[in-house]
Amino acid sequence: MDSLPLARVVATLAEVSATGSRTAKTTALAGLLAAALPGDLVPLIGLLRAQPRQGRLGVGWRTVAARRSGVEPDPGAPAAPLTVADVDDAFGALAAVPAGTGSSVARHGVLDALWARATQAEQDFLTRVLVGELRTGALDGLLVDAVARASGRPVAEVRRAAMLTGDLGATAQLARTDPAGLAAVRLGVGVPVLPMLASSAASVAEALAVTGPASVEHKLDGARIQVHRDGDDVLVVTRSLADVTDRLPEVVAAVRALPVQRVILDGETLLLGEDGAPRPFQDTMARFGSGGSDAVLRPWFFDVLHADGRDLIDEPLAERRQVLAEVAGDLVVPGIVTDDPQEAEQFAAAALAAGHEGVMVKGITSAYAAGRRGKAWVKVKPVRTVDLVVLGCEWGSGRRRGWLSNLHLGARDAAGHFGPPGEFVMVGKTFKGLTDALLAWQTERLLALEERRDGAAVFVRPELVVEIAFDGVQRSQRYPGGVALRFARVKGYREDKAADQADTIDDLRTLLAPAPAPD
DNA sequence: GAGTACGCGTC
DNA sequence: ATCGGAT
DNA sequence: ATCCGATGACGCGTACTC
């Protein structure tokens with residue numbers, strides 16, 4: 001079997017994107033995987049998930065493409081077609097180019113070489129990969145099925161191995177070369193596991209009705225972390241399994257101090273204010289995303305997957321929480337066990353009063369379902385609502401092509417703090433919560449209110465009032481009122497209301513946490 | 001060298 | 001993250 | 001019950017532009 005020609009990858013992806021049937025897509029991908037050499041599976045899956053980009057290649061690639069665009073592709077067709085391995089080599093070479101002055105020249109050299117060997121179709125494909133067009137993650141679920149099909153292993157077995165190793169490419173290779181090894185994949189300290197995800201409910205009572213007796217825990221507004229410790233070796237990864245160990249020395253130190261040698265912990269990290277209350281999410285991210293500062297990120301843990309030789313992933317939550325209390329002490333996220341809605345409601349109110357995002361309600365008998373979004377974990381957060389005015393709307397793409405989709409939302413500036421009194425101040429955009437019927441309706445309605453266009457946006461007379469649900473507000477530099485909505489979605493149009501009855505920018509600004517005292 | 005735009009990852 | 005639609 | 005696709009605000013780091 002020869003190395004897989006890139007042309008075949010291109011053809012398969014074209015087929016996959018052209019068909020609507022999930023089954024057909026799986027079949028096409030499975031065929032591709034089955035045709036690949038085992039050694040090609042890791043780069044192939046990386047390519048299919050559009051992950052192997054190294055930094056900012058979009059513009060670099062466009063530059064190369066533009067420079068090349070006048071140049072005829074080599075008239076004598078390349079002797080050897082471009083293979084997946086070639087692309088993987090090129091990505092490796094790109095990764096090896098050091099950052100800094102001159103690096104873009106070196107990067108372009110690598111890209112030039114790739115481009116020169118590629119056919120037109122391959123050039124198009126590479127452009128889409130490198131520019132990020134194919135990066136949707138949408139193939140993730142399909143690929144698990146396809147790997148199973150291509151290797152003849154049960155889907156559940158492949159899925160479990162992929163979740164436990166956080167690595168579909170390696171799992172595909174294992175499935176092909178060592179089926180027994182695949183079945184034997186277990187949790188490993190130092191090997192990141194895909195984190196368990198939660199569904200959501202509107203109230204604690206509703207959540208409890210789904211889970212039954214539950215652990216009800218504070219939901220902290222920070223970044224998810226998974227920490228592996230083996231003696232003094234500590235690894236910290238994020239929700240997407242990115243290694244952030246070097247950025248979180250304080251978390252490493254905190255875990256090294258725990259009374260346990262080998263452990264996998266699941267939790268959250270965030271900044272606290274001097275008063276002990278959580279800082280705004282933005283502040284946590286500013287620290288989380290950078291090397292360091294004096295601000296100290298603190299870890300809290302709500303689950304333990306392994307402790308000193310004991311895999312706990314299939315144990316009920318009650319058992320895991322007990323072990324957690326022993327190994328993590330005061331770093332355990334506060335929670336109670338109950339099946340009483342009133343008691344849970346009181347606990348949730350206290351969590352909010354303490355400045356947290358809400359609560360998690362977790363079935364007390366549930367196992368840790370790595371990588372799954374089940375009903376065993378349910379998040380409950382308060383939802384706010386405001387009536388805002390539509391200022392404009394952007395044309396949708398993909399399945400929303402032809403509809404005005406992404407609404408520009410304005411709050412009323414009754415006091416005239418940001419312009420003439422009574423005009424509107426933009427506070428965010430949303431495309432969520434719209435059914436196809438509503439999309440059609442708003443497209444027609446907004447076009448009738450059109451004032452002007454600019455690129456993809458149609459600006460309208462500010463007359464239509466829309467009810468918007470959101471989770472909270474955040475400081476904004478982009479929007480003139482200094483606030484932006486977090487997770488805004490449409491609840492419905494308020495045709496009974498006129499624009500001068502819309503909620504005000506001052507209403508929204510009162511939701512902003514007071515700025516920390518400078519001192 | 002300063003300022004901007006992009007890419008990616010957090011939610 | 002959230003939501004509606006499709007499978 | 002899940003997966004997919006369309007996009008939100010922000011913050012960092014860095015490639016690119018002048």
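Below, all heavy atoms of this structure are taken into account, side chains as well, without hydrogens, waters or symmetry copies. Reminder, nothing fancy here: chain letters follow the sequence lines and each chain counts from 1.
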Quiz item: Which nucleotide sits closest to the side chain of A:Arg478: D:dC4, D:dG8, D:dA9?
Solution: D:dA9
Practice problem: Write down the distance between CD (A:Gln477) and P (D:dC12), rounded to a whole number of angstrom. | Solution: 10 Å
Quiz prompt | Side chain of A:Asn406 (C-beta onward), nearest among D:dG13, D:dT7, B:dT10 | solution = D:dT7
Quiz item: Which nucleotide, D:dC10, D:dC12, D:dG8, lies nearest any side-chain atom of A:Lys432?
Solution: D:dG8
Exercise. Scan A:Ser397 against the nucleic acid and name what it touches under 4.0 Å (heavy atoms): base, sugar-phosphate only, or nothing.
Key: sugar-phosphate
Quiz item: From the list B:dT10, D:dC10, D:dG8, which nucleotide is the closest neighbour of the side chain of A:Glu394?
Solution: D:dG8
Exercise. With a 4.0 Å heavy-atom cut-off, tell me which residues in residues 479-489 of chain A come close to DNA chain C, sorted by residue number.
Key: A:Phe487, A:Arg489
Self-check item: Proximity to the side chain of A:Arg159 - top-ranked nucleotide from B:dT10, D:dC3, D:dT7
Solution: D:dC3
Quiz item: Does CZ belonging to A:Arg149 count more than 12 external heavy atoms closer than 6.0 Å?
Solution: yes
Self-check item: Of the listed nucleotides D:dG8, C:dG5, C:dT2, the one nearest the side chain of A:Lys379
Solution: C:dT2
Quiz prompt | Nearest-neighbour nucleotide for the A:Gln282 side chain, D:dA6, B:dG9, D:dG11 considered | solution = D:dG11
Quiz item: Rounded to whole angstrom units, what separation is found between the CG atom of A:Asp436 and the P atom of D:dA6?
Solution: 12 Å
Exercise. Identify which nucleotide among B:dT10, D:dG11, D:dC4 has an atom closest to any side-chain atom of A:Phe281, counting heavy atoms from C-beta outward.
Key: B:dT10
Quiz item: Counting any heavy atom closer than 4.0 Å, what does A:Thr238 reach on the DNA or RNA strands: base, sugar-phosphate only, or nothing?
Solution: sugar-phosphate
Quiz item: Is there a donor-acceptor contact under 3.5 Å linking the side chains of A:Asp506 and A:Thr504?
Solution: no
Quiz prompt | A:Lys362/A:Asp303 salt bridge by N-O under 4.0 Å criterion | solution = no
